[in-house]
Amino acid sequence: MSSVLRTSRIVAARVAAAGAPRTAGVSAFRGSFAARNAAASVAVRAFSVSRASFEKPALRLGSPAPNFQAETTDGPIDFHEFIGDSWTILFSHPADFTPVCTTELGAFAQLKPEFDKRNCKLLGLSANGLESHGEWIKDIEEVATGGTKFNFPIIADPERKIAYLYDMVDHQDLTNIDQKGVAFTIRAVFIIDPAKKIRLSMLYPASTGRNTAEVLRVLDSLQTGDKAGVTTPINWIPGEDVIVPPSVSDAAAKEKFGEFKAVKPYLRYTKYPEALLKK
Ligand code: BEZ
């Protein structure tokens, strides 16, 4: 089927869905969001589906992070200006006022001082408007931040433009033409470096909350690797031995790191490179 025809069928199906009663098979949970958002999402989804099919930039590790302008709870931003000379974690959530998301946002707010120490900004995203975000933040502060004031911006993306740009949707949300009426965004995490390159992406389903310690651990690994020219083994945390990459000869490793231990010629460990990290 041609893409134009396919898109127009999706539009037709969504127009029908927006006006139709919800079927019993669609959960009440999704239904409450659909009631609020269905009408607005019809036109936007058609636009987004066709854009997503033809104009999406690559989101590979090492790709430039696509720029965008957005409204956030701390005011409007240009994403690349927001990044500036910092590392940035851009992460999405299915929707405001949902349980798992509430715990995640609270946990990231509590850990923000650790991200600050690593020159890393946090930027959340969910597919709701600013007013909704503002009300939700009050709830997050009440139940999930352990007394910390909420401390980073959340993008308002009710039309899912940025969600589509960064592919923060699942397979069903790009292709289904049933009566669901609204697409939740998934739990995506992007770590973007000061050169505005994507350095990590992680995708989680809506049903599974992320692990803040893992996000911080990968950031530590990336920053350690960039500064000291090492890689990090399974389950590594800062302070533990690191790996000398295969591209470094034994002679160069000795000069750079002093001692190293060769378990195999291709698997060489050296001490946590504290001195190199301080430079
Ligand atoms: C949650 O945050 O709990 C959630 C959101 C959307 C779908 C499923 C769970």
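Positions are given from 1 along the sequence. Start at 1 and go down the list; that is how both ligands and their atoms are numbered.
Ligand-side atoms of ligand 1 in range of Arg187: 1 (C), 2 (O), 4 (C), range being under 4.0 angstrom from any heavy atom. Using a 4.0 Å cut-off to heavy atoms of Pro94, the atoms of ligand 1 that qualify are 5 (C), 6 (C).
More than 12 non-hydrogen atoms from other residues, nucleotides or ligands lie less than 6.0 angstrom from NZ of Lys196.
Taking the ring centre of Phe82 as origin, the terminal cationic atom of Lys121 falls inside the region bounded by 6.0 Å and 45° from the ring axis.
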Verdict with supporting geometry, His133 and Asn128, side-chain hydrogen bond (donor to acceptor under 3.5 Å, both in side chains): CA-CA 7 Å; His133 285 355; Asn128 301 94; 5.1 Å; no
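With a 4.0 Å cut-off on non-hydrogen atoms, Glu104 does not touch ligand 1 at all.
Between Thr98 and ligand 1, at least one pair of N/O atoms sits closer than 3.5 Å. Between Ala206 and ligand 1, not a single N/O pair is under 3.5 Å apart.
Here Lys138 pairs with Glu135 in a salt bridge; the nearest charged N to carboxylate O distance falls below 4.0 Å.
Residues Phe91 and Phe108 bring their aromatic ring centres within 6.0 Å.
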